[in-house]
Amino acid sequence: MLQVQFLRDNRNEIIERLKIKNFNESLVINQVISLDDKRKSIQSESDELLARSNTIAKEIGILFKSDKREEANCLKEESLRIKEKTKALQSSLLEIQNELRELLVKIPNVPHHLVPSGKSDADNVIVKEHGKIPELSEYKKPHWDLCSQYNLIDFELGNKITGAGFPVYTNKGAKLQRALISYFLDKNTEAGYIEYQPPHLVNEDSGFGTGQLPDKEGQMYHIKEDNLYLIPTAEVPVTNFFRNVILNKEDFPIKCTAFTPCFRREAGSYGKDVRGLNRLHQFDKVEIVQIQHPDKSYETLNVMVDHVSSILEELELPYRILRLCGGDLSFTSALTYDFEVYSAGQDRWLEVSSVSNFESYQSNRLKLRFKNLNGKTQLCHTLNGSALALPRIFAALVENNQTESGIKIPKALQEYTRFNIID
RNA sequence: GGAGAGAUGGCAGAGUGGUCGAAUGCGGUGGUCUUGAAAACCAUUGUACAGCAAUGUACCGGGGGUUCGAAUCCCUCUCUCUCCGCCA
C-alpha cells in the first residue's frame with residue numbers, strides 16, 4: 001500500500017512509472033487524493049465540534065458541583081445537538097476511510113527505475129548467466145523418471161493420501177531433501193541471518209500485512225473454522241513478526257531465515273509445467289527476509305542476490321538471473337530478480353528463487369516503522385528472497401547429475417547427505 | 001471438551017463516572033556530580049490524524065451501547081492465562 005502523502009508529492013511521476021507495470025488507471029490516484037482532501041476537511045470539522053463538546057462536558061461537571069442546575073441543563077442541550085452532528089460526520093468519515101483503503105489497496109507498488117517495460121516473462125532481462133549447461137547422453141531422463149527409478153519420490157502415494165501436487169519423498173530422496181534444508185539454513189545463518197521456525201498457519205491480519213489478502217485470497221488454503229490460512233511462503237509469518245513495530249535505527253539490518261513448507265492452491269494452473277516437481281501444492285522452501293533502512297535497501301538487494309548466487313555456485317548448478325519486467329513483476333514488488341537453474345533432463349530453466357525489494361509497500365500495511373534522525377517515525381523497507389526453494393533444486397540436481405552409474409551428489413552437499421551417489 | 005480469571009503506556013502495575021493520556025516502580029534518553037564508572041539527584045520519555053505553529057482530536061484488547069461526560073457502567077466478539085479432562 002502506498003502512502004497518500006507519497007502519491008500527493010509525486011503524482012505525475014507515479015502515474016508514469018506505474019504504466020511500466022501496465023497499470024493505467026491514473027483516475028484511481030486522483031480519486032485517492034480528492035477523497036483524502038475530503039477526509040481532512042471532515043475530520044477537522046468533527047475535531048472542532050468534539051473539542052467544543054469536551055469543554056462543555058467539563059463545564060457541566062463544574063456547574064453541577066456548584067449546584068447551578070439550570071445553566072448545566074442549557075449546556076446539555078447544546079451538547080446533544082453537537083453529538084448528533086458529530087455522529088453524522090464520524091460515520092461519513094468512516095465511509096470515506098474505507099473507500100480510501102479500498103482504492104489504495106488497488107494501486108500496485110511503484111516499479112524501480114531499473115525495471116524494464118514488458119508484458120510477460122518473455123520480456124524479462126537476463127542480467128547474468130553462470131555455469132555450463134551439462135552435456136548428457138541421449139538417454140537422459142527427466143526427474144520424475146529418475147525419481148521412480150531410484151525410489152526417491154512416490155507421486156502416486158501422494159495422490160492416494162492427499163491429491164496431485166503432494167509428493168511423498170522416500171529413501172535417499174527424503175534424505176537429500178533434509179540435507180538441502182540443513183545446508184541452506186547453514187548457509188544463511190553463516191551469512192548472519194537469524195534462524196526461525198514460524199507457525200505454518202497465519203491469521204487474517206498477517207495475510208493482509210504482506211499483501212496476500214485481499215487480492216490473492218484464492219491462492220491460499222483457508223481453514224474456515226478458525227479463520228486461519230496455510231502459509232504460501234515463510235515470508236508471511238516472518239515479515240509479520242514486525243507488524244506494528246517501531247525499530248531504532250541501530251536495529252538495522254534485521255535478517256531472518258526460516259524453513260517452512262509452503263502451501264499454494266495454484267488455482268488455474270494447468271499444462272505440462274506441472275509435471276513432477278515443477279509445480280506443487282505443498283513444497284519446502286528456505287526463505288530469507290531483511291528489514292532495512294530505506295537508504296540501504298537496494299544495496300541490500302544486491303547482497304541478497306550475491307548470496308543466492310553463491311549457494312547455486314556451490315551446488316554447481318548452471319543458473320541465470322533475470323530482472324523482471326513490469327508485466328511480470330508482482331503487485332507488491334518494486335524490483336525483483338528471479339533465479340533460474342537449468343534442468344538438463346527436461347532441457348528447461350526452472351525458477352528457484354525470487355529476490356525482491358518491496359520498499360515501504362509492505363511496511364505501510366504492516367505499520368513497520370523506525371525512528372529517523374529527527375525522531376520522526378518513518379516506514380522501513382522490507383526485502384525477501386528464496387534461499388532456496390527445494391523441489392526445483394532437487395529436480396535440477398537429480399537431472400543434471402545423472403550418470404549411467406547413478407546420480408552424483410555435489411561435493412558441498414555430501415557432508416549433509418553422507419552419501420555421494422544415488423544408485 | 002468442562003470450570004474459572006484476565007486483557008491499561010517498552011515492561012511491571014494502580015486506577016469503578018468529571019481536573020485520567022492515565023499514579024507509582026523499572027527501563028530508555030539528556031543533564032548535574034565524578035579522573036572515569038557506579039550510585040544519587042534533576043529533567044525528559046506512547047502512537048496516529050489535522051495545523052507553519054500554538055494547539056486540537058482520537059486511542060486503556062476489537063466492535064457497539066448508556067451518559068452532558070466512560071479506562072471506569074452495559075452488550076458482544078477476539079485473545080491470553082489457571083485448574084480439570086483428553087493427548088503429541
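Throughout, a chain's letter reflects where its sequence line sits, starting with A, and its residues are numbered from 1.
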Taking only side-chain N and O atoms of A:Asn54, does any of them lie within less than 4.0 angstrom of OP1 or OP2 on B:rA58?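 The answer is yes; a side-chain N or O of A:Asn54 sits under 4.0 Å from OP1 or OP2.
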Using atom [atom1] in both nucleotides, what's the gap between [N] and [M] to the nearest angstrom?
N      : M      : atom1 : value
B:rU32 : B:rU24 : P     : 25 Å
B:rC74 : B:rG17 : C1'   : 13 Å
B:rU57 : B:rA71 : P     : 14 Å
B:rU47 : B:rU8  : C1'   : 15 Å
B:rU82 : B:rC77 : C1'   : 22 Å
B:rG62 : B:rG4  : P     : 26 Å
B:rC52 : B:rC20 : C1'   : 31 Å
B:rU55 : B:rC60 : P     : 24 Å

Looking at OG1 of A:Thr210 and CG of A:Asn240, how far apart are the two atoms once the value is rounded to the nearest 0.5 Å?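 Reported to 0.5 Å precision, the distance equals 5.0 Å.
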[X] with [Y]: basic N within carboxylate O range, under 4.0 Å:
X       : Y       : value
A:Lys85 : A:Glu45 : no
A:Glu84 : A:Arg81 : no
A:Asp37 : A:Arg8  : yes

Residues 22-33 of chain A, side-chain donor-acceptor partners within the protein, below 3.5 Å, at least two apart:
| unit_1 | atom_1 | unit_2 | atom_2 | d |
| --- | --- | --- | --- | --- |
| A:Asn30 | OD1 | A:Arg11 | NE | 2.5 |
| A:Asn30 | OD1 | A:Arg11 | NH2 | 2.8 |

Nearest-Å distance for atom pair [atom1]/[atom2], residues [X] and [N]:
X        : N      : atom1 : atom2 : result
A:Glu250 : B:rG28 : CD    : P     : 13 Å
A:Glu59  : B:rU19 : CD    : P     : 14 Å
A:Ile82  : B:rG56 : CD1   : P     : 17 Å

Got a sec: does the CZ of A:Arg52 have more than 12 other heavy atoms crowding it under 6.0 Å?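 Correct, the count exceeds 12.
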Heavy atoms from other residues, nucleotides or ligands near NZ of A:Lys216 exceed 12 (cutoff 6.0 Å):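 Yes, because the 6.0 Å sphere around NZ of A:Lys216 holds more than 12 heavy atoms from other groups.
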For RNA chain B, stems built from three or more consecutive Watson-Crick or G-U wobble pairs below 3.5 Å: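 Runs of three or more consecutive pairs: B:1-7 with B:78-84, B:10-12 with B:24-26, B:27-32 with B:40-45, B:46-50 with B:55-59, B:61-65 with B:73-77.
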Cation-aromatic face contact A:Arg365/A:Phe331, 6.0 Å, 45 degrees: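 Relative to the ring axis of A:Phe331, which defines the angle, A:Arg365 lies outside at least one limit.
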Compile the donor-acceptor pairs under 3.5 Å between side chains in residues 165-177 of chain A and protein atoms, sequence neighbours left out, one pair per line.
| unit_1 | atom_1 | unit_2 | atom_2 | d |
| --- | --- | --- | --- | --- |
| A:Asn171 | ND2 | A:Asn151 | O | 3.3 |
| A:Lys172 | NZ | A:Ile421 | O | 3.2 |
| A:Gln177 | NE2 | A:Asp284 | OD2 | 3.0 |

Quick one: side chains of residues 381-394 of chain A, donor-acceptor pairs under 3.5 Å with protein atoms, not counting sequence neighbours, listed by atom name and distance.
| unit_1 | atom_1 | unit_2 | atom_2 | d |
| --- | --- | --- | --- | --- |
| A:His381 | ND1 | A:Ser297 | OG | 2.8 |
| A:Thr382 | OG1 | A:Gln362 | OE1 | 2.7 |
| A:Asn384 | ND2 | A:Glu235 | OE1 | 3.4 |
| A:Asn384 | ND2 | A:Glu235 | OE2 | 3.4 |
| A:Ser386 | OG | A:Ser354 | N | 3.3 |
| A:Arg392 | NE | A:Asn278 | O | 2.9 |
| A:Arg392 | NH1 | A:Glu351 | O | 2.8 |
| A:Arg392 | NH2 | A:Asn278 | O | 2.7 |

Show each protein N/O and nucleotides 46-55 of chain B N/O combination with a separation under 3.5 Å, one pair to a line.
| unit_1 | atom_1 | unit_2 | atom_2 | d |
| --- | --- | --- | --- | --- |
| B:rU47 | OP1 | A:Lys371 | NZ | 2.1 |
| B:rU47 | O3' | A:Arg369 | NH1 | 3.3 |
| B:rA48 | OP1 | A:Arg369 | NH1 | 3.3 |
| B:rA48 | OP1 | A:Thr377 | OG1 | 2.3 |
| B:rC49 | O3' | A:Arg39 | NH2 | 2.7 |
| B:rC49 | O2' | A:Arg39 | NH2 | 3.1 |
| B:rC49 | O2' | A:Gln43 | OE1 | 2.3 |

Nucleotide by nucleotide, nucleotides 61-80 of chain B touches protein heavy atoms under 4.0 Å in the pattern (B base, S sugar-phosphate only, - none) ------BBS-----------
Side chains of A:Gln90 and A:Leu50 in contact at under 4.5 Å (non-hydrogen atoms):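 When only atoms from C-beta onward are counted, A:Leu50 and A:Gln90 do touch, with a gap below 4.5 Å.
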Taking C-beta and beyond as the side chain, do A:Phe370 and A:Ile291 meet within less than 4.5 Å on heavy atoms?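 Of all side-chain heavy-atom pairs linking A:Ile291 with A:Phe370, none is under 4.5 Å.
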